[in-house]
Amino acid sequence: MNKNRTWCFPPVIPRHLHISQTRSFAATLVEHRTLHNPQPPQHHHPFQIDGSKLESQKNHHNQRENRSIPFSQAQSPRQLLISLIKSTTQKTHLLPIHAHILRTSLIQDHSVSLQFLSRAALSPVRDLGYSRLFFSQIPEPNVLQYNTMIRAYSMSDSPEEGVYMYREMRRRGLCPDPVSSSFALRSCIRVSSLEGGIQVHGRVLRDGHQSDSLLMTTLMDLYSCCERFPEARKLFDDIPRKDTVAWNVLISCFLRNKRTRDAISLFDIMQSETYACEPDDVTCLLMLQACANLNALEFGERVHGYMEEHGYSGARNLCNTLISMYSRCGSLDKAYGVFKGMRDKNVISWSAMISGFAINGYGREAIDAFEEMQRMGVQPDAQTFTGVLSACSHCGLVDEGMMFFDRMSKDFRIEPNIHHYGCVVDLLGRAGMLDRAYQLILSMNIKPDSTIWRTLLGACKIHGNVNLGERVVGHLIELKAAEAGDYVLLLNIYSSVGNWEKVKEVRKLMKEKAIQTTPGCSTIELKGIVHEFVSDDVSHQRKDEVYMMLDEINSQLKIAGYEVEISSELHNLGAEEKEYVLSYHSEKLAIAFGILATPPGTTIRVAKNLRICVDCHNFAKVLSWAYNREVIIRDRTRFHHFRDGHCSCNDYW
DNA sequence: CTAGGGTTAG
C-alpha cells in the first residue's frame, strides 16, 4: 500500500554529508513522513497550495525545532539513508550520497549498496556507466547486486553485456538464482541469441530451477522469439500450475508463430474445467489481435462482450485494439462506435481509426479524421502518416497524398520511413506515374526493401509496363528476395501484352529454381468458427455441397451477364482449362460456402491471403447484385465492399 | 530483517 507513496518534494541533500549529520538528516525524513501521513490529521497542511513548494519547505525547516519526533517512529540512520536513496529521482541527488557511502564504508553494506545501485541503474535515473562505476566499487557484490546490473543491461542498448555479467558472477563463484537467469534470458531475447539462451536454459536445469514458473515463461518467450515453437510448447506443458500469465505467454507464442487459429482456440481451453483460468485484459488484447489477423469478427465480438462483462472495456489500450480489430474485420461502423465512445483518445486511437478508414476505402473520412485530431491537440506521429498516405493511395487521391508526404517532413519534422515511401510509390504507381515512382525509390536515403519493389511491380502489372517490370524483378533478384508471387506478376505482365515467348521463359525459370507458388487461401467465419479454403480444395467436410453450390452460382451469374475473365489472368492454357482453374479459386469456394450456410441477405465476409484477381472481383460484383448480398472481401492489402454490383475500390472496374 | 523476475495497443 505504501509502495506508491512519494515525498511531496525531494528532501534537500546537504553538499557534504558526514555520518554525524546523518541523524539530523534522518530527523528531517521522519518529520517529513509525519507531515504527510494523513493520520494523525494535521490542523494545517502546508502543501495544499500549488506552487508553494519553496515556501512550505521553509516552514518545514522552521518548524523542525518545535516538532517532537515520536520515539517509535524514529529509525536507524542506515534505514533512513535507504529511504533517502529510494526517494531520489535524479543523478545529481545521488552523487553526495555516493560520496557519503564511500567515506563511511557503507558500501560494504549490501542492502545500502543494492538500493543505491538499483536507483542509479534503473528508471528514472538509468545511468549505466555510472552504475557500472558504483558496482566496481562494491568489494564483494552479491547475487542481488549482480541481478540489478544484469537487469539494467538487459534493458539497455547493449544487452549482450547482461549475459557477460551473468557469466562473470558464476566465475566469481556465485550461484545465480532464478531471477538472474530470467534477466540474462531477457538479454538473450533482445539480441535474439538462441545459443546464449540455450546455455542459460542448461544452467537453469543444473541449478534445479525448472519448477519456477516465472522463469519458464521467460524461457518460452525466448524460444518463441527464436522461432522454436515446439520447445516453447514443451515448457508450457511442463508447468504444473499454469496461471493466466503463462497462458498469455503461450497465446503470444502462437501469434508470433502465425498460428492464429490455435491462439484463438486457447481462449476456451484455458477457461475449461480442467484449467479454470480466467482470461485477463492481456488475454483479451491478444485475442483481439488474433481476430484481426483471421478476420474473425464474431469471435472478436465475443471477446468484446467478455471485456464488457469483466470491466476491461474502458481500458484505452484495449479500445485501441478494438478499433483496429473491427476495422481490420471490415466492420468500420463498430470500429467507429468504439472510437466515438472513448473519452481519452491518444495518437494510437486516432491512427487506428485513420488506418481503419483507409483500408476500408474511406479516404476522405481518413483525411477529415487527421484534421480533426490536430484540432483536438493530438500530435500525429510517423504511423499516423502511414495511415493517411495509405488512405490517399487506396482512394487515388494523388495530389492530397503528395501534399501530406511533403508536409510530413516540412511541418511535422517526421522523416519518411520505408512504409511512407511504400504508400507514395503505390499512390504514384496506381495513378500511372511509374517513372516518377521509380525515381522516388532510387532517390530514397533508405535502402529499398523487397516490399517497395513489389509494390512498383504491382503497378507495372496494372499498367502493363513490361520494361520497368523487368527492371524491378531484376532489383528483387539482386536483393535475393524474389518470391513466387513476383514471378507470377511478371508472367502476368508478359501475358497481358501477349508475349508468350517470355511467358514460357519465366515458367521454365520457375521450374528450374523450383519456385513454389503460395496457394491462394480464403477464410470465412461462421458462428465463431473459421473455415478455410484453398484453390481446388477438397478437404472441407461439406465440399460436395460447396462445389455443387458454386456450379449453380456460376450458371446463375452467367445469366446475369458474368463472363469468366480470361484475358488478364492468361496463362497459356487452353480456354477451357483456364475457365476451370479460375472457377475454383479459393475465394469463390468460400463465397459459395457462405451462400450455402447462411440465410439469404446475410453479409458474406471473406479474407484472402493474396490479392484478389480480376475474375473473382467481377464474380463478387455480379453476385452481390444477383443474389442481393453484401460481400466483403479482405485481400492482402485492403477491403473490397461489394454491393448492388459495385465495389468500393477503384482498382478494377 | 527485507530486497528483484513473466505476457500487452495503431
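A note on names: the letters A, B, ... follow the listed sequences, proteins ahead of strands, and every chain is numbered from 1. Just so it is clear, the model here is predicted, and its values are computed rather than measured. Quick note: numbers below take in every heavy atom, side chains included, and nothing from hydrogens, waters or symmetry partners.
A tilted orientation is assigned to the rings of A/Tyr336 and A/Phe357, their planes being inclined by 30° to 60°. Using bins of under 30°, 30° to 60° and over 60° for the plane-to-plane angle, the ring pair A/Tyr362/A/His641 lands in the perpendicular bin.
A/Met216 has its CE atom 15 Å from the P atom of B/dG6, to the nearest Å. We find that CD1 of A/Ile359 is positioned 11 Å from C1' of B/dG10, with the value rounded to whole Å. The CG atom of A/Leu255 sits 10 Å away from the P atom of B/dT8 (whole-angstrom rounding). In this entry the distance linking CG of A/Leu235 with C1' of B/dG6 reads 13 Å, nearest Å. The CD1-C1' distance, from A/Ile82 to B/dC1, rounds to 11 Å in whole Å. Straight-line distance from the CD1 atom of A/Ile85 to the C1' atom of B/dT2: 15 Å, rounded to whole Å. Summarising the geometry, the separation between CG on A/Asp344 and P on B/dA9 is reported as 18 Å, rounded to the nearest angstrom. Between the C1' atom of B/dT8 and the OH atom of A/Tyr312 lies a distance of 13 Å, rounded to the nearest Å.
Contact annotation for A/Ala315: no contact, since no heavy-atom pair falls under 4.0 Å across all strands. Residue A/Asp281 is out of contact with every strand shown, counting any heavy-atom pair closer than 4.0 Å. Backbone-only contact: A/Ser324 has heavy atoms under 4.0 Å from sugar-phosphate atoms and none from a base. No contact: A/Ser118 has no heavy atom under 4.0 Å from any strand. Among the heavy atoms of the strands lying under 4.0 Å from A/Gln289 are primed sugar atoms or P, OP1, OP2 only; no base atom is included. In this structure, A/Leu215 reaches the bases: a heavy-atom distance under 4.0 Å links it to at least one base atom across the strands shown.
Proximity of residues 136-145 of chain A to DNA chain B (heavy atom under 4.0 angstrom from any strand atom) is restricted to A/Leu144.
Residue pairs meeting the salt bridge (charged side-chain N to carboxylate O under 4.0 Å, His left out) criterion with at least one member in residues 323-337 of chain A, sequence neighbours excluded: A/Glu301-A/Lys334.
Between A/His304 and A/Tyr326, the ring centre distance stays below 6.0 Å. The six-membered or imidazole ring of A/Phe299 lies near that of A/Phe267, with a centre-to-centre distance under 6.0 Å.
Remark: side-chain polar atoms of A/Ser182 are not paired, donor with acceptor, to backbone N or O of A/Pro178 under 3.5 angstrom. When atom types are taken as modelled, the side chain of A/His310 and the backbone of A/Met307 share no donor-acceptor pair closer than 3.5 angstrom.
For the OP1/OP2 pair of B/dT8 and a distance below 4.0 Å, the side-chain nitrogens and oxygens of A/Arg316 include no atom meeting the criterion. In this structure, A/Arg186 does not reach the B/dG5 phosphate: none of its side-chain N or O atoms is under 4.0 Å from OP1 or OP2. Close to B/dA9, at under 4.0 Å from its OP1 or OP2, lies no side-chain N or O of A/Arg328.
Contact of A/Thr217 with B/dG6 (side chain to base): a donor-acceptor pair of N or O atoms is detected under 3.5 Å. Judged by distance alone, with hydrogens and angles left aside, A/Asp381 brings a side-chain donor or acceptor within reach of the base of B/dG10, the pair sitting under 3.5 Å. A donor N or O paired with an acceptor N or O is not found under 3.5 Å between the base of B/dA9 and the side-chain atoms of A/Asn317. A donor-acceptor contact under 3.5 Å links the side chain of A/Asp243 to the base of B/dG6. For a distance-only test at 3.5 Å, the side chain of A/Asp177 fails to qualify as a donor-acceptor partner of the base of B/dG5.
Comparing B/dA3, B/dT7, B/dG10 by their closest approach to the side chain of A/Ser351 singles out B/dG10. Here the side chain of A/Asp212 is nearest to one of B/dT7, B/dG5, B/dG10, namely B/dG5. Distances were taken from every side-chain heavy atom of A/Asn320 (C-beta onward) to each of B/dA9, B/dG10, B/dG6; the shortest belongs to B/dA9. Residue A/Val245 has its side chain nearest to B/dG6 when only B/dT8, B/dG5, B/dG6 are considered. For A/Ser252, taking side-chain heavy atoms from C-beta onward, the closest of the listed nucleotides B/dT8, B/dG6, B/dA3 is B/dT8. When distances run from any side-chain atom of A/Ser111 to the nucleotides B/dG5, B/dT7, B/dT2, the shortest one goes to B/dT2. Which of B/dG5, B/dT8, B/dA9 sits closest to the side chain of A/Asn346 comes down to B/dA9. For A/Leu285, taking side-chain heavy atoms from C-beta onward, the closest of the listed nucleotides B/dG10, B/dA9, B/dG6 is B/dA9.
More than 12 heavy-atom neighbours from other residues, nucleotides or ligands sit within 6.0 angstrom of NE2 on A/His209.
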Can you check side chain to side chain donor-acceptor pair (under 3.5 Å) on A/His98 and A/Gln137, steps first, answer last?
CA-CA 11 Å; A/His98 186 173; A/Gln137 291 166 339; 2.7 Å; yes
